[in-house]
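Notes follow once the structure below has been shown.
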Amino acid sequence: MIIILKKEISENIARIKKMFANKKQVLVHQNQVAVVGATATELPREIQVAAEQIIEKTPAAIQSSRLFHPEDIVIKTPHAHISSDSLTIMAGPCSVENRDHIFKMAAVAKQGGATVLRGGAFKPRTSPYSFQGLGEEGLKYLRAAADQNGMDVITEVMDDEHVPLVAEYTDIFQIGARNMQNFSLLKEVGKTKIPVALKRGMSATIDDLLNAAEYIAAGGNQQIMLIERGIRTFDSKYTRNTFDVAAIPVLQQLTPYPIIADPSHAVGRWDLVTPMAAAGIAAGAAGLIVEIHDDPEHAFSDGPQALKPATYLAMTRQAQAIHQLMAE
Ligand code: PEP
Ligand code: MN
């Protein structure tokens with residue numbers, strides 16, 4: 001249940017906490033108090049009277065719900081302000097390949113208005129024989145390339161044991177689609193204060209995604225953004241995944257977290273990235289995460305979906321224009 005208090009807020013919060021101490025989980029956000037698994041009949045009359053509303057039917061992912069946290073969560077990193085009233089561009093290659101390459105790609109990303117540099121140093125590959133990433137060496141190059149261009153870093157952390165290492169280099173943890181329900185990893189990033197970008201698993205429902213986010217929030221970290229990156233459906237003949245564009249406004253209604261569109265993984269084809277980026281922004285995404293490469297044919301991973309620099313620059317111009325239009 002969620003109790004929305006209208007009177008004697010701090011006194012009543014203290015009362016509710018005391019009442020349910022060691023029995024139920026009590027979560028507080030401003031005048032909203034969630035008591036997990038309790039019903040209104042358990043509340044004394046004074047609290048019922050002090051409530052503006054008592055919501056009995058609440059989603060399991062309670063902290064990730066707008067019922068508990070009505071206002072948007074804004075994520076601020078040194079160079080980015082991630083919220084639905086602005087457009088954040090995160091761009092970079094799928095993998096950090098070598099020092100020179102990530103420096104070159106960082107300059108291109110920046111030129112298109114990106115404030116966050118992406119690049120995987122630990123890669124979740126479908127095959128164990130594919131390139132697995134440069135590891136810590138890759139993190140060093142990525143950090144240096146971002147710093148040189150006045151940008152922040154987003155990079156994937158694949159394993160709970162790597163959280164402290166990746167934390168030394170990144171501004172945003174990326175949790176990949178294949179790890180969306182890696183609960184020990186979610187708990188570990190939930191203990192940090194570093195923003196987390198959680199990708200929707202390829203077979204995950206919207207509620208699965210929200211419950212995964214709840215694991216992070218339950219640890220005390222609500223600096224969460226959700227990434228729609230396409231889901232697996234029956235037809236993968238022409239696109240790698242199916243971009244669930246409706247998930248963007250649905251998530252926006254349900255949750256206070258900013259929603260980021262990843263058109264690259266959603267379609268897997270560079271020629272469809274620009275229209276899908278446009279669709280994501282028109283649907284209300286707070287940002288884009290896009291893969292770029294100057295020589296996609298020789299990319300270490302995800303070459304077919306990488307935008308070449310000129311295409312990327314044109315895409316970002318269009319993206320900004322659509323965002324502007326939507327804001328009017
Ligand atoms: C990636 O961002 O390169 C990646 C592996 O994405 P996903 O987890 O969405 O497949
Ligand atoms: Mn990729």
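Whatever order the structure lists them in is the order used to number ligands and atoms, beginning at 1.
- For Arg269 and Asp271, the salt-bridge test passes: some basic side-chain N is under 4.0 Å from an acidic carboxylate O.
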Between Met151 and Met90, does a side-chain contact (heavy atoms from CB on, under 4.5 Å) hold up when you go through it step by step?
-> CA-CA 10 Å; Met151 298 170 84; Met90 310 184 195; over 6 Å; no
Determine, step by step, whether Leu307 and Val290 satisfy the side-chain contact (heavy atoms from CB on, under 4.5 Å) criterion, reporting the C-alpha distance in whole Å, the side-chain angles of both residues, the deciding distance to 0.1 Å, and the verdict.
-> CA-CA 8 Å; Leu307 295 183; Val290 184; 3.8 Å; yes
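- Using a 4.0 Å cut-off between charged nitrogen and carboxylate oxygen, Lys123 and Glu156 do not count as a salt-bridge pair.
- Summary: OE2 is the N/O/S atom of Glu291 found nearest to the Mn ion (ligand 2).
- A salt bridge does not link Lys187 with Asp160: every distance from a Lys NZ or Arg NE/NH1/NH2 to an Asp or Glu carboxylate oxygen is 4.0 Å or more.
- As for Asp302, its N/O/S atom nearest the Mn ion (ligand 2) is the one called OD2.
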Taking it one step at a time, do Arg118 and Ile154 satisfy side-chain contact (heavy atoms from CB on, under 4.5 Å)?
-> CA-CA 5 Å; Arg118 68 146 288 147; Ile154 179 169; 3.6 Å; yes
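- For Lys308, the NZ atom is loosely surrounded, since the number of other residues' heavy atoms within 6.0 Å does not exceed 12.
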What are the polar N/O contacts of ligand 1 with the protein below 3.5 Å, with distances?
residue  : atom   : partner : partner atom : Å
ligand 1 : 2 (O)  : Arg118  : NH1          : 2.8
ligand 1 : 2 (O)  : Arg118  : NH2          : 3.3
ligand 1 : 2 (O)  : Gln174  : NE2          : 2.9
ligand 1 : 2 (O)  : Lys199  : NZ           : 3.1
ligand 1 : 3 (O)  : Arg118  : NH2          : 3.0
ligand 1 : 3 (O)  : Lys123  : NZ           : 3.0
ligand 1 : 3 (O)  : His265  : NE2          : 3.1
ligand 1 : 3 (O)  : Glu291  : OE2          : 3.2
ligand 1 : 6 (O)  : Lys199  : NZ           : 2.9
ligand 1 : 6 (O)  : His265  : NE2          : 3.4
ligand 1 : 8 (O)  : Ala177  : N            : 2.8
ligand 1 : 9 (O)  : Lys199  : NZ           : 2.8
ligand 1 : 9 (O)  : Arg229  : NE           : 2.7
ligand 1 : 9 (O)  : Arg229  : NH2          : 3.4
ligand 1 : 10 (O) : Arg178  : NH1          : 2.8
ligand 1 : 10 (O) : Arg229  : NH2          : 2.8

